[in-house]
Amino acid sequence: MQYEVVIGLEIHAQLLTDTKMFCGCSTKFGSEPNTQTCPVCIGMPGVLPVMNKKAIEYVIKTGLAVNCEISSSNRFARKNYFYPDLPKGYQISQYELPICEHGYVEIVDDDKPKKIRLTRIHLEEDAGKNIHEETGNRSFVDLNRTGIPLMEIVTEPDIRSSKEAVGFMKKLRGILRYLGVCDGNMEQGSLRCDANISIRPLDEKEFGVKTELKNMNSFKFIEKALDYEIKRQQKILNDKRKIVQETRLWNSGKGITESMRSKEEAHDYRYFPEPDLVPVEIDISWIKDLKNTIVELPDVKRKRFVNQYNLPEHDAELLTSELLMAEWFEQTVKLGGEPKIVSNWMMGDFTKLLNEENKSIEESLIKPKHLVGMLQLIKKNTISGKIAKTVFEEMYKTGKEADTIVEEKGLVQISDEAGIEAIVNKVLEKNPEEIERFKAGEQKLIGFFVGQVMKETKGKANPRIVNELLKKKLS
Ligand SMILES: [Zn+2]
């Protein structure tokens with residue numbers, strides 16, 4: 001049986017405000033537990049919440065960036081439930097009147113754009129964090145996170161594969177980071193994703209029974225958890241059993257999803273309008289002002305990169321995924337770098353080195369002027385493309401200029417023809433058998449000879465001259 005996968009996502013993004021949603025406590029990550037709390041955020045009786053304007057501003061900006069309608073009138077609601085990390089016994093959220101509705105995010109899959117519709121974006125406060133001792137029976141509650149403004153973004157069930165889900169998350173993360181409203185750090189939990197997932201036979205109109213997946217805190221885990229869940233549901237339907245509507249947790253250690261609670265155990269949150277806060281009226285002029293502060297967003301930038309720099313879609317998509325990366329690229333081109341060549345170095349060696357150390361581009365010692373300096377050395381034939389890889393890595397490690405490294409390490413390319421010819425002759429003398437085979441028609445052996453000459457010169461021979469000399473001597 002062929003099935004269609006139906007996925008909708010619920011994303012929680014911690015907003016990058018300095019203070020919490022309803023009090024003046026700091027939102028700084030990583031402080032000693034319970035040092036950033038006050039009577040308001042720990043839910044003492046008799047306190048009154050005061051709205052953080054910046055948080056509302058960030059949600060409006062996000063809504064505008066993802067094509068939403070901004071509701072001129074909206075309000076907060078109480079979501080009632082008890083948990084040790086929520087001392088008030090309720091969370092202030094939004095229910096029937098969210099700030100943003102009906103938007104979309106465009107993703108590019110196999111070079112085809114696809115719109116993923118957004119149902120709503122609303123604002124709420126975060127809960128605290130329970131920390132369970134790994135050995136022993138004790139648990140602790142850290143309320144530093146309690147009351148940090150959280151934006152919840154809900155999609156329509158438009159996503160059809162784990163790959164699309166990851167594509168959507170990456171695109172959304174990029175937009176939030178461009179706007180400066182969320183740092184997008186999934187490991188620290190400032191961007192979290194839950195998924196509703198079901199499958200249905202290809203010709204079926206009705207949705208199948210869905211499960212909710214939680215606890216996916218990296219792109220890799222989102223893909224793995226969804227793929228696991230799709231296979232699990234397929235097997236149940238193929239076995240003619242019934243899928244149970246439930247919440248499941250991704251266990252990254254075991255690589256499986258596990259049942260957390262069934263529908264019967266689900267909360268009834270008894271939402272009602274928050275009596276301590278007035279409804280929020282959003283002025284059209286405020287929306288207009290905020291619109292003017294929005295930077296060029298990834299999609300627009302991507303299209304511009306394709307037109308202005310004549311880059312393939314794939315390059316433009318990667319280079320514009322992070323604002324700092326896009327800026328790094330444009331600075332390098334401005335300093336004289338050839339766009340496609342700069343793009344190749346950035347997507348290849350540079351990204352590889354950054355990934356190895358899990359570093360971001362601004363933490364790197366290598367700056368646009370370094371790459372431009374190195375590209376000039378290649379152009380002048382001072383170094384070969386192969387040596388350039390060594391130079392690049394050294395620039396990355398030390399932050400030194402390319403010509404300094406080339407001088408210090410004696411990496412200057414050998415372009416003296418007589419010198420190279422002597423080495424070519426030596427290589428040919430040593431390999432009479434290969435010459436026979438080459439002459440008998442094994443043309444690909446030219447690579448072997450080039451390789452031998454390069455080995456003799458530690459990669460420093462000018463490859464163009466080596467090739468020319470070899471061709472001359474072997475013909
Ligand atoms: Zn507080």
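In each ligand, atom 1 is the first atom listed, and ligand 1 is the first ligand listed. FYI, the numbering just counts along the sequence from 1.
- Each salt bridge (Lys or Arg N to Asp or Glu O under 4.0 Å) pair with one or both residues in residues 351-362, not counting sequence neighbours, appears once here: E357-K359.
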Please tabulate, one pair per line, all N/O donor-acceptor pairs under 3.5 Å involving side-chain atoms of residues 34-50, not counting sequence neighbours.
| unit_1 | atom_1 | unit_2 | atom_2 | d |
| --- | --- | --- | --- | --- |
| N34 | OD1 | L143 | N | 2.7 |
| N34 | ND2 | V141 | O | 3.0 |
| T35 | OG1 | E32 | O | 2.6 |
| Q36 | OE1 | S31 | OG | 2.6 |
| Q36 | NE2 | S26 | O | 3.3 |
| Q36 | NE2 | K28 | O | 3.1 |

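- Protein N/O/S atoms found under 2.8 Å from the Zn ion (ligand 1): C23 SG, C25 SG, C38 SG, C41 SG.
- Looking at Y104 and I116, their side chains never come closer than 4.5 Å, going by heavy atoms from C-beta outward.
- Taking the six-membered ring where the residue is Trp, the centroids of F392 and F350 are separated by under 6.0 Å.
- For residues 2-57, the set of pairs meeting the ring-ring contact (aromatic ring centres under 6.0 Å, His included) definition, not counting sequence neighbours, comprises F22-F76.
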Would you please test F305 and N310 for side-chain contact (heavy atoms from CB on, under 4.5 Å) and show each step?
CA-CA 7 Å; F305 273 27; N310 210 9; over 6 Å; no
